[in-house]
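Reading through the structure tokens given below for one structure.
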Amino acid sequence: MPSYAFFHKQFVPLAEAKIEVMTHALHYGTAIFEGIRGNWNSEHQQIYLFRLKKHYERMQNGCQVLRLNLPYTTDELCQITIDLVARCGFQEDIYIRPLAYKSAQALGVRLHDLETDFLVFAMPWGRYLDVDKARCSVSSWRRPDETPRAKISGLYINNALAKTEANENGFDEAIILTSDDYVSEGSGENIFLVIDNKLVTPASYDNFLMGVTRDTVIKLAQNELGIETIERHIDRSELYTAEECFLTGTAAHITPVAEIDRRKIGNGEIGEITSRLQEIYSEVIRGNNPKYLEWCTPVYKKT
Ligand SMILES: Cc1ncc(COP(=O)(O)O)c(C=O)c1O
């Protein structure tokens, strides 16, 4: 299947979408990105874009922070994305990467007096963490303090350092702490523990990206399992003694964590609550649960 991009206000084959070398965002990370999943349902012969609008609302907020003047409304961004995926015609799980960026051919660290452009492309992408259960390590790299609450390209450098450190030490994913030693998030996921049969996750003051999947999981746990989520500081040692642990993200979905810093979590197998949430989540994102269809945008028109 050919992949396309929406680039410079038109649809072009992905291979033809090229950025010029002086592009401001390339040098200073002055961009906001998103990650959106398209989930293939073979029975319905349909791709469902999961919580499309919520992702673009987060992007619009980020653009406001970075003074990126997007020439599109949230509804227009959603429509461009639907048209893009329809054009690609994929029949498998995909990942969509929108980017709003300072496109000016200009050097100099700043946000003002620089043009903005928007691009989005879609590509097939299966599992992000390609394991049934992840082995994690707590990173020596910290989540920087005092950063804007936005998915800013330039902010991802500590996450990249943490991820590579974890992988090169033989782990699947890094868990990043705040500067005051509380658990913050994974390098590309939020984190949940199960303690006393309740979900526990870092609270907004723990300086992580407020995930769409995090929000989905909190709602599904409450609505479908009657399990409440407590948002609070989490100490590093609580990671080791939790009954269960899992990571959540658009790319990673719900990934169980079996081990942290060479300590088994629970019995080292996928925990019961994690596994029930995985099942519910996987039906919801594929448009198989009528209660949550408003979260699923179908791409292909039925004839
Ligand atoms: C650092 C970080 N935290 C958390 C998340 C989870 O966010 P979401 O569920 O919106 O994908 C992501 C994924 O984009 C991320 O990169």
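Order of appearance sets the numbers: ligands from 1, and atoms from 1 within every ligand. A quick note: this is a predicted structure, and the numbers were derived from the prediction, not measured.
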| N or O pair under 3.5 Å between R58 and ligand 1 | yes
| Can you tell me which residue and heavy atom of the protein come closest to atom 6 (C) of ligand 1, and the distance to 0.1 Å? | N190 OD1, 3.6 Å
| said: Any atom of ligand 1 sitting under 4.0 Å from a heavy atom of G188? | reply: yes
| query | Can you list the atoms of ligand 1 that are under 4.0 Å from a heavy atom of N159? | reply | 1 (C)
| field | Derivation and outcome, salt bridge (Lys or Arg N to Asp or Glu O under 4.0 Å), residues R67 and D113 | value | CA-CA 10 Å; R67 298 176 65 176; D113 297 337; over 6 Å; no
| remark: The closest protein heavy-atom partner of atom 2 (C) of ligand 1 is E185 OE1, 3.4 Å
| said: For atom 11 (O) of ligand 1, what is the closest protein heavy atom, and at what distance to 0.1 Å? | reply: T250 OG1, 2.6 Å
| task | Applying ring-ring contact (aromatic ring centres under 6.0 Å, His included) between H253 and each of Y95, F50, F246, Y281, report the one that passes. | result | Y281
| query | Relative to ligand 1, is F208 under 4.0 angstrom through side chain, backbone, both or neither, heavy atoms considered? | reply | neither
| message | When you measure from the heavy atoms of K151 to every atom of ligand 1, does any distance fall below 4.0 Å? | response | yes
| message | How close do A134 and T255 get, counting heavy atoms only, and between which atoms? | response | CB-CG2, 4.1 Å
| task | Go through I218 and F192 one step at a time and tell me if the side-chain contact (heavy atoms from CB on, under 4.5 Å) criterion holds. | result | CA-CA 10 Å; I218 291 173; F192 285 78; 3.9 Å; yes
| request: Give the residue and atom name of whichever protein heavy atom lies nearest to atom 9 (O) of ligand 1, and the separation in Å to one decimal. | output: T213 OG1, 2.6 Å
| query | Does R214 reach ligand 1 with a nitrogen or oxygen that is under 3.5 Å from one of the ligand's nitrogen or oxygen atoms? | reply | no
| task | Give the intermediate values and the outcome of side-chain contact (heavy atoms from CB on, under 4.5 Å) for residues E76 and F118. | result | CA-CA 12 Å; E76 286 168 341; F118 168 80; over 6 Å; no
| note | Residues pairing under side chain to side chain donor-acceptor pair (under 3.5 Å) where one sits in residues 257-268, two or more places apart or in two chains, turn out to be R135-E259, R236-D261, Y240-D261
| Would you say ligand 1 has an N or O under 3.5 Å from any N or O of Y156? | yes
| said: Taking K163 first and then E173, would you say they form a salt bridge - that is, a charged N and a carboxylate O separated by under 4.0 Å? | reply: yes
| field | Numbered atoms and elements of ligand 1 in range of S187, under 4.0 angstrom, heavy atoms | value | 1 (C)
| task | Specify whether Y128 and W125 have parallel, tilted or perpendicular ring planes, treating 30° as the upper limit for parallel and 60° as the lower limit for perpendicular. | result | perpendicular
| said: Suppose the criterion is side chain to side chain donor-acceptor pair (under 3.5 Å): which pairs have a residue in residues 188-213, not counting sequence neighbours? | reply: D206-H233
| note | Here the pair of heavy atoms bringing C88 nearest to Y4 is SG-N, 3.4 Å
| request: Among all protein heavy atoms, pick out the one at the shortest distance from atom 7 (O) of ligand 1; state its residue, atom name and that distance to 0.1 Å. | output: G211 CA, 3.4 Å
| Is it true that A251 lies under 4.0 Å from ligand 1, counting heavy atoms only? | no
| message | What I want to know is whether V212 and ligand 1 share at least one N or O pair that is separated by under 3.5 angstrom. | response | yes
